[in-house]
Amino acid sequence: MAYATTNPYSGEVVKEFETATDQQIQDAIAQADSTFHQWKETSFKEREAVLAKAAEILRENKRKYAEILTLEMGKLIGEAELEVELCAQMLDYYVKFGAEILAPRYIRARGFGDTDVKIVNEPLGVLYAVEPWNFPFYQVIRITAPQITAGNTIVLKHASNVPQSALAMEELLIQAGAPKGLLTNVFASHEASETILSDSRVRGVALTGSEKAGSAIASIAAKNLKKSTLELGGADAFVVLEDAEVEKAAKWATFGRHWNGGQVCVSSKRIIVVDAIYDKFLEEYRKHVAQFKLGDPMDPATTLAPLSSQQALDELKKQVQQARDEGITVEEVDVEVPLRGAFHQPLILTDIPDDSKTSQIEFFGPISSIYRAKDEEDAIRLANNTPYGLGGSVFSTNIDRAQQVARRIDTGMVFINQPTGVKADIPFGGVKRSGYGHELIDLGIKEFVNEKVIVVTDIDGDF
């Protein structure tokens, strides 16, 4: 597979990188393993110093790092700067709480004292991270920050269209004082994952990506008895009940569907509105979408970015054509679309049958699917009519009611009166075909540690 930086706004191939050889991959694993044996013996204070310095470097050079994101995958420059800050906040979190989360704990056991049975968290070793292009820094930091806090090291295979982002994250840790090999980037082919995960020095894998990629990696990991976490696709339900503030809900739905160009696993992809307010909501939603300005993502005046690549654009067009073929109403929103760049016209899909293929897929781009629900029960049914289960939202002025509805939606996380969000200190993970495991805060930091039980005893005779 070819690694290259291709500007999705201009179409220019800026820089190309050679795919890693077998020897380079072996060298990367060897370096990561060697560093692990050194790093696992360091104190939390030493680990925290690296994380703190990395956060400082990101903040001091926010624009420089943001421009890499905008160049490689077309992210709006303002959103790119926010991603850099989010990474710094994640690093801050583990500086503040990492040692506390991993501190030994004691359990009660009959016949033993309160401190005789202790559980300690020990790092596993080298971890393999397979990460996507839509958040090129965040995806790396959200696995790297907790796992190097725990004492592990990372071998990174990033998406092929963000190679400079991968190199920037590797260099960031070096600049922050990390030893070489703490985070090691390899421009590996897809086929190389078999080699990497079959290596005894590699103890686990974290993947964020497509269902196809997740299934392949999980299969290899299982065959080699390696721990894995998967964060895959999503088709988040954005449920609007009849007692919701319609204008507020429409504004948030527009943002939730279109941030990062609509290329977010937790985008509000299926907007489900109760019949009593459906028409009013749709009218408000159209007005908000029509206000987008498409253009150069480096221009602060641009409010809707291009897709990450021509390939992504072509795939989205195929999905839209499938919707047309199924007889679904496809409404073009009247906004000016640039003649160059990987842009897609914002569309609103309505009259989507429950049993259609369109109702079961994930659109990665500015395509809004809006469903009319008869009532609350029907809204919950529609929300659960999907193979995905990553995130979701419920809008209602009655918070207790919204929470009850949220409990009945089969998904990993639900936000009340806000689109599904990504924050440095909130757990992140899904169910069903959206994957398993967590990569953030205390849940994530323990995904790849060995909880060892140490029992203190001084028993004579039989146990």
Side-chain angles (χ1 to χ4, degrees), residues 6-12 66-84 86 132-136 138 161-162 234-236 238 247-271 281-317 319-320 323 330-350 362-370 393 418-422:
T6 302
N7 187 328
Y9 177 62
S10 68
E12 176 191 3
E67 287 179 355
I68 297 172
L69 301 178
T70 301
L71 170 67
E72 292 207 297
M73 56 80 53
K75 192 185 297 285
L76 296 179
I77 189 63
E79 291 184 346
E81 290 181 344
L82 288 173
E83 180 175 339
V84 175
L86 176 59
W133 48 262
N134 57 342
F135 289 90
Y138 161 78
N161 60 329
V162 291
D236 285 16
F238 185 100
E247 293 183 8
K248 174 183 176 181
K251 183 177 180 180
W252 272 121
T254 306
F255 170 80
R257 184 63 198 98
H258 295 88
W259 66 297
N260 206 43
Q263 304 166 111
V264 187
C265 296
V266 292
S267 285
S268 305
K269 298 190 180 79
R270 296 179 304 125
I271 302 167
F281 175 91
L282 185 55
E283 181 183 357
E284 286 292 325
Y285 188 79
R286 284 194 188 103
K287 287 192 288 187
H288 286 298
V289 177
Q291 293 173 4
F292 279 118
K293 179 180 178 182
L294 287 66
D296 184 352
M298 287 286 189
D299 183 350
T302 299
T303 56
L304 187 61
L307 298 189
S308 63
S309 66
Q310 184 62 44
Q311 180 182 349
L313 178 60
D314 293 342
E315 179 60 31
L316 190 61
K317 287 179 177 179
Q319 292 177 320
V320 171
V330 180
E331 175 186 342
E332 292 190 1
V333 180
D334 187 19
V335 297
E336 186 176 347
V337 180
L339 297 178
R340 72 167 187 171
F343 290 97
H344 196 290
Q345 181 89 33
L347 302 176
I348 297 176
L349 310 186
T350 54
E362 176 184 22
F363 288 99
F364 235 52
I367 313 299
S368 304
S369 298
I370 303 184
S393 307
Q418 184 179 320
T420 310
V422 176

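No more than 12 heavy atoms of other residues, nucleotides or ligands sit less than 6.0 Å from atom CD of Glu247. Sparse packing is recorded around CD of Gln311, with 12 or fewer heavy atoms of other residues, nucleotides or ligands lying under 6.0 Å away.
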Mind listing the side-chain donor-acceptor pairs of residues 335-348 below 3.5 Å, one per line with the distance, residues two or more places apart or on another chain?
unit_1: Gln345; atom_1: NE2; unit_2: Val333; atom_2: O; d: 2.5
unit_1: Gln345; atom_1: NE2; unit_2: Val335; atom_2: O; d: 3.4

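A parallel orientation is assigned to the rings of Trp259 and Phe255, their planes being inclined by less than 30° (bins at 30° and 60°).
You'll find the side chain of Glu72 stays beyond 4.5 Å of the side chain of Pro136, heavy atoms only. Using a 4.5 Å heavy-atom threshold, the side chains of His258 and Ser368 count as touching. Considering only heavy atoms from C-beta on, Met73 stays 4.5 Å or farther from Phe135 through its side chain.
At distances below 3.5 Å, at least one donor-acceptor pair connects side-chain atoms of Thr70 with backbone N or O atoms of Lys75.
Listed by chain and residue number, nothing satisfies the ring pair (Phe, Tyr, Trp, His ring centres under 6.0 Å) test with Tyr9 (two or more places apart in sequence, or in another chain). For Asn134, the side-chain contact (heavy atoms from CB on, under 4.5 Å) test picks out Pro132, Gln139, Asn260, Cys265, Phe364, with sequence neighbours left out.
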With side chain to side chain donor-acceptor pair (under 3.5 Å) as the test, would you mind laying out the steps for Asp236 and Thr420 before giving the verdict?
CA-CA 8 Å; Asp236 285 16; Thr420 310; 2.9 Å; yes
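Rounding to the nearest 0.5 Å gives a distance of 12.0 Å between CD1 of Ile367 and NZ of Lys269. The line from CE of Met298 to CG of Leu71 is 6.0 Å long, rounded to the nearest 0.5 Å.
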